[in-house]
Amino acid sequence: MRWRWGWDNRGQNPDIDSLAVRPKHVGIIMDGNGRWARRRGLPRIAGHHAGMQAMKETIRACDDLGIEYLTLYAFSTENWKRPQREVEFLMKLPRQFFITEIDELMERNVRIRVIGDTEQLPADTRETVLQSLERTKQNTGMNVNFALNYGGRMDIVFAVRKLAEAVAEGRIAPQDIDESALAAQLSTAHQPDPDFIIRTSGEIRLSNFLVWQSAYAELWFTDVLWPDFNRQHLLRALQEFSGRQRRFGDIGR
Ligand code: FPP
């Protein structure tokens with residue numbers, strides 16, 4: 001089947017079929033756009049634009065590979081510290097992305113969500129994002145979370161606040177608060193925790209990405225800069241995941 005983003009390789013690529021175990025939920029920290037641009041003598045925003053293309057290709061590849069949940073770190077709560085021009089550009093990208101890609105996302109039956117605080121997004125971007133969420137709401141295929149104005153600590157703080165309100169109003173007792181009660185208030189409520197997190201560009205840290213949810217995630221780091229990341233890199237990462245032994249605190253058996 002031909003999609004606008006390329007060929008659907010599901011079931012045809014021996015590399016794909018050789019993956020014994022696939023993660024259910026992949027999280028990606030898309031890092032290195034600025035360095036990619038600088039190496040080419042381009043402005044940083046050109047790196048983000050190229051990063052958006054890599055993101056499109058990655059969504060498509062994950063869908064072809066049968067990944068059920070994909071979370072993409074597009075803008076962190078700390079990214080507001082960047083130069084105004086760059087922030088403005090980054091804030092425009094989601095609008096551009098959803099306007100041009102919504103039809104393909106619908107064709108692929110992809111359900112999109114945004115995690116993070118959308119209140120601070122520019123009004124037109126927020127409107128397009130919310131309309132796109134609404135349009136894909138009934139889709140039953142891959143789930144894609146865009147982490148926009150997202151911070152893992154903020155996610156936990158908001159969840160704790162909701163639990164505190166429930167206690168204050170007498171709806172729950174303090175002893176009802178356990179890990180699953182807290183997880184149910186996070187932005188990723190009712191989704192499996194990410195079991196695999198990828199970060200590009202050689203940085204070896206989580207940078208406030210899904211900090212609660214990634215407690216048991218396998219981590220994979222690559223020096224590849226995000227705009228250069230492609231299907232082959234993704235397959236290599238997934239092959240490594242497939243070979244990892246996950247013990248969750250138990251002993252290996
Ligand atoms: C980090 O690279 C990247 C970002 C802060 C932005 C990521 C955004 C995209 C890939 C596009 C998202 C598009 C949509 C539609 C949501 P960096 O700028 O920190 O790179 P550097 O470390 O090399 O400077």
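Counting starts at 1 for both ligands and their atoms, following the listed order.
Surrounding CD of E78 are more than 12 heavy atoms belonging to other residues, nucleotides or ligands, all under 6.0 Å away. In R244, the CZ atom is crowded: over 12 heavy atoms of neighbouring residues, nucleotides or ligands sit closer than 6.0 Å. Heavy-atom neighbours of R153 CZ from other residues, nucleotides or ligands within 6.0 Å: at or below the threshold of 12. The 12-atom threshold is exceeded at CD of E169, counting heavy atoms of other residues, nucleotides or ligands nearer than 6.0 Å.
Listed for the S132 side chain is a donor-acceptor partner under 3.5 Å among the backbone atoms of T128.
Residue, atom and distance of the protein heavy atom nearest to atom 11 (C) of ligand 1 are L93 CD1, 3.9 Å. Atom 6 (C) of ligand 1 has A74 O, 3.4 Å as its closest protein atom, hydrogens excluded (heavy atom only). In terms of protein heavy atoms, atom 12 (C) of ligand 1 is closest to M55 SD, 3.9 Å. For atom 3 (C) of ligand 1, the closest non-hydrogen atom of the protein is M30 O, 3.1 Å. What sits closest to atom 4 (C) of ligand 1 on the protein, heavy atoms only, is H48 CE1, 3.9 Å. Protein heavy atom nearest atom 15 (C) of ligand 1, with residue, atom name and distance: F97 CB, 3.3 Å.
When E203, M52, R44 are ranked by how near their heavy atoms come to atom 24 (O) of ligand 1, first place goes to R44. Atom 22 (O) of ligand 1 has its nearest heavy-atom neighbour, among K56, Q96, R35, in R35.
Near P94, meaning under 4.0 Å from any of its heavy atoms, are these atoms of ligand 1: 15 (C). Against a heavy-atom cut-off of under 4.0 Å, G34 is close to the following atoms of ligand 1: 17 (P), 18 (O), 20 (O), 21 (P), 23 (O), 24 (O). Near N79, with a cut-off below 4.0 Å to any heavy atom, the atoms of ligand 1 are 5 (C). Of all atoms in ligand 1, numbered sequentially from 1 with element shown, those under 4.0 Å from a heavy atom of W226 are 10 (C). Within ligand 1, the atoms closer than 4.0 Å to a non-hydrogen atom of D31 are 1 (C), 2 (O), 17 (P), 19 (O), 20 (O), 22 (O), numbered from 1 in the order shown.
Considering backbone and side-chain atoms alike, N33 places an N or O below 3.5 Å from some N or O of ligand 1.
Looking at K24 and D193, no side-chain N of the basic residue comes within less than 4.0 Å of a carboxylate O on the acidic one, giving no salt bridge. The pair R108-D64 meets the salt-bridge criterion, with a side-chain N (NZ, NE, NH1 or NH2) lying under 4.0 Å from an Asp/Glu carboxylate O. Comment: E165 does not engage K162 in a salt bridge, judged by the lack of any side-chain N to carboxylate O separation of less than 4.0 angstrom.
Taking a 4.0 Å cut-off on heavy atoms, R82 registers as neighbouring ligand 1. The shell of residues lying under 4.0 angstrom from ligand 1, judged by heavy atoms, excludes S201.
If you check the side chains of H25 and D195, you find no donor sitting under 3.5 Å from an acceptor.
Ring pair Y73/Y150 is perpendicular by interplanar angle, where above 60° counts as perpendicular and below 30° as parallel.
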